[in-house]
**Q** 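Got a structure for you, written out below as structure tokens; questions coming shortly.
On a predicted model such as this, the values are computed, not experimentally measured, just so you know.
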Amino acid sequence: MEVAHPVLDVIRSRWSPAIYSPQPVETQKLLSILEAARWAPSSYNEQPWSFLVARKEEPEEFARMLSCLVPGNATWAQHVPVLMISVAKLQFEHSGAGNRHAFHDTGIATGFLMLQAASLGILAHGMAGFDAAKARELYGIPDSHEAVAAIGLGYPGDEHGAPEELRKRNQHKPRRTLEQFVFAGRWGQPFALL
């Protein structure tokens, strides 16, 4: 994918495939990916994120997490070696007040996780299409926390022999230009340096 301005190779190469290899994610690499999330910045250093993890090597656990996905995601995600659900803690530990940045910070931790994965040749696909209420019930997520997104993680697979619908979903999507989302002075007015 072409970039308009230089970025780190790991950022440029990261994408969200829908076709994955059955190759398991090695334990040390998975732990490295989770460690990267640990180092993400957060408001008041609250670190409000948690990750539920299910590996294909544990079929019952994997099936339980897979059951939280909407059917359109379950069709491809059933083939990933690792599924995750990110969870945000909704209150600050130090004050008990609501943390309106919890989802933002959990997203940053997920981004760190995805970039570390990409640096190891492993790709992550975030999913909004999952049942947060079912995840709460199945995993006993407390009321003080909320499931944010599901994530499929693994090595990219070969499109050969994959169903046409998955091959269509497995394409790189176009990115908006900087002029479309970087503003200055007033909303919608592109930043002058662009």
Side-chain angles (χ1 to χ4, degrees), residues 1 3 7-58 61-62 64-66 68-70 73-74 76-90 92-93 99-132 135-136 138-139 141-142 144-157 169-170 172-173 175:
M1 204 174 256
V3 294
V7 297
L8 297 171
D9 287 343
V10 70
I11 292 172
R12 192 183 73 250
S13 64
R14 189 221 59 83
W15 66 294
S16 301
I19 298 173
Y20 283 84
S21 164
Q23 176 184 348
V25 173
E26 300 86 345
T27 299
Q28 279 311 120
K29 288 184 178 181
L30 179 57
L31 293 176
S32 177
I33 290 164
L34 292 166
E35 179 73 13
R38 178 176 172 237
W39 292 94
S42 60
S43 178
Y44 288 97
N45 194 34
E46 185 70 20
Q47 304 168 52
W49 52 81
S50 296
F51 294 90
L52 293 161
V53 182
R55 297 178 309 131
K56 196 87 174 219
E57 294 96 330
E58 302 161 335
E61 282 301 311
F62 191 86
R64 181 160 65 135
M65 191 168 288
L66 187 67
C68 294
L69 304 184
V70 298
N73 284 332
W76 64 266
Q78 66 183 316
H79 302 293
V80 301
V82 179
L83 284 174
M84 298 184 197
I85 294 176
S86 62
V87 179
K89 182 178 180 189
L90 303 176
F92 284 112
E93 188 71 33
N99 180 357
R100 75 179 206 90
H101 303 289
F103 275 45
H104 173 270
D105 295 346
T106 299
I108 294 174
T110 301
F112 273 40
L113 177 153
M114 289 178 164
L115 290 177
Q116 180 67 26
S119 77
L120 298 170
I122 298 166
L123 295 175
H125 187 135
M127 296 171 267
F130 81 108
D131 187 333
R136 180 181 300 284
L138 289 179
Y139 291 97
I141 298 171
S144 57
H145 293 65
E146 188 159 338
V148 178
I151 304 160
L153 184 74
Y155 291 97
R169 287 187 72 174
N170 206 50
H172 290 271
K173 310 291 188 300
R175 309 306 295 186

**Q** Given 3.5 Å as the limit, does a donor-acceptor pair link the side chain of Ser86 with the main chain of Ala149, or not?
**A**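 Yes, the answer is positive, given that a donor and an acceptor are paired below the 3.5 Å cut-off.
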**Q** Mind checking ring-ring contact (aromatic ring centres under 6.0 Å, His included) for Tyr44 and listing every partner two or more places apart, or none if nothing turns up?
**A**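 Tyr44 satisfies ring-ring contact (aromatic ring centres under 6.0 Å, His included) with Phe92, His94 once adjacent residues are dropped.
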**Q** Using every non-hydrogen atom in the two residues, find where Ala109 and Ala40 come nearest and quote the distance to one decimal.
**A**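 Smallest heavy-atom distance, with atoms named: CA-CB, 3.5 Å.
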**Q** Please enumerate all residues that pass side chain to side chain contact (heavy atoms under 4.5 Å, CB included) together with Lys29, with sequence neighbours excluded.
**A**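 For Lys29 the side chain to side chain contact (heavy atoms under 4.5 Å, CB included) partners, ignoring immediate neighbours, are Val25, Glu26, Leu120, Ile122, Tyr155.
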**Q** Taking all atoms of both residues into account, what is the closest heavy-atom pair of Arg55 and Leu30, and its distance?
**A**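 For Arg55 versus Leu30, the nearest heavy atoms are CD-CD2, 3.7 Å.
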**Q** When rounded to the nearest 0.5 angstrom, what distance separates CD in Glu46 from OG1 in Thr106?
**A**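 It is 10.5 Å, given to the nearest 0.5 Å.
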**Q** Would you please test Leu90 and Phe103 for side chain to side chain contact (heavy atoms under 4.5 Å, CB included) and show each step?
**A** CA-CA 8 Å; Leu90 303 176; Phe103 275 45; 3.9 Å; yes
**Q** Mind listing the closest non-hydrogen atom pair of Ser43 and Asp105 along with its distance?
**A**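 Scanning both residues completely, I find the closest heavy atoms to be N-OD2, 2.9 Å.
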**Q** Looking only at non-hydrogen atoms, find the nearest pair between Phe130 and Ala135 and report the distance.
**A**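 Distance-wise, the nearest heavy atoms are CE1-CB, 4.4 Å.
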**Q** Are the side chains of Tyr139 and Val87 in contact, using a 4.5 Å heavy-atom criterion?
**A**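 They are not in contact (no side-chain heavy atoms under 4.5 Å apart), so the answer is no.
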**Q** Just verifying a value: how many Å separate Gln47 CD and Arg38 CZ, rounded to the nearest 0.5 Å?
**A**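 These two atoms lie 8.0 Å from each other.
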**Q** To the nearest 0.5 Å, tell me how far Met114 CE sits from Leu153 CG.
**A**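 Rounded to the nearest 0.5 Å, the CE-CG separation comes to 8.5 Å.
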**Q** Determine, stepwise, if the pair Asn99 / Glu93 fulfils side chain to side chain contact (heavy atoms under 4.5 Å, CB included).
**A** CA-CA 9 Å; Asn99 180 357; Glu93 188 71 33; over 6 Å; no
**Q** Locate the shortest heavy-atom distance separating Ser119 from Val10; write the atom from each residue and the value.
**A**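 Scanning both residues, the minimum pair turns out to be N-CG2, 3.4 Å.
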**Q** Identify the residue among Leu69, Asn73, Leu52 that makes a side-chain contact (heavy atoms from CB on, under 4.5 Å) with Leu83.
**A**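 Answer to the side-chain contact (heavy atoms from CB on, under 4.5 Å) test with Leu83 among Leu69, Asn73, Leu52: Leu69.
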**Q** Only counting residues at least two apart or in another chain, list the ones meeting ring-ring contact (aromatic ring centres under 6.0 Å, His included) with His125.
**A**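 Partners of His125 by the ring-ring contact (aromatic ring centres under 6.0 Å, His included) criterion, ordered by chain and then number, come out as Trp76.
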**Q** Go through Phe51 and Leu113 one step at a time and tell me if the side chain to side chain contact (heavy atoms under 4.5 Å, CB included) criterion holds.
**A** CA-CA 11 Å; Phe51 294 90; Leu113 177 153; 3.9 Å; yes
**Q** Check for a donor-acceptor pair, side chain of Ser13 on one end and backbone N or O of Asp9 on the other, with a separation under 3.5 Å.
**A**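 Checking the backbone N and O of Asp9 against the side chain of Ser13, a donor-acceptor pair under 3.5 Å is found.
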**Q** Go through the steps to decide whether Ile151 and Ile85 satisfy the test side chain to side chain contact (heavy atoms under 4.5 Å, CB included), and finish with yes or no.
**A** CA-CA 6 Å; Ile151 304 160; Ile85 294 176; over 6 Å; no
**Q** Do Pro156 and Ile19 have side chains that get closer than 4.5 Å, going by heavy atoms?
**A**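 In short, these two side chains do not touch, never coming nearer than 4.5 Å.
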**Q** Working to the nearest 0.5 angstrom, can you tell me the gap between Gln116 CD and Ser32 OG?
**A**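 Between atom CD of Gln116 and atom OG of Ser32 there are 3.5 Å.
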**Q** What's the shortest heavy-atom distance between Arg136 and Glu146, and which atoms?
**A**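 Heavy atoms only, the tightest pair is NH2-CA, 4.0 Å.
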**Q** Once you round to the nearest 0.5 Å, how far does CE of Met127 lie from SG of Cys68?
**A**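 Going from CE on Met127 over to SG on Cys68, the span is 10.5 Å.
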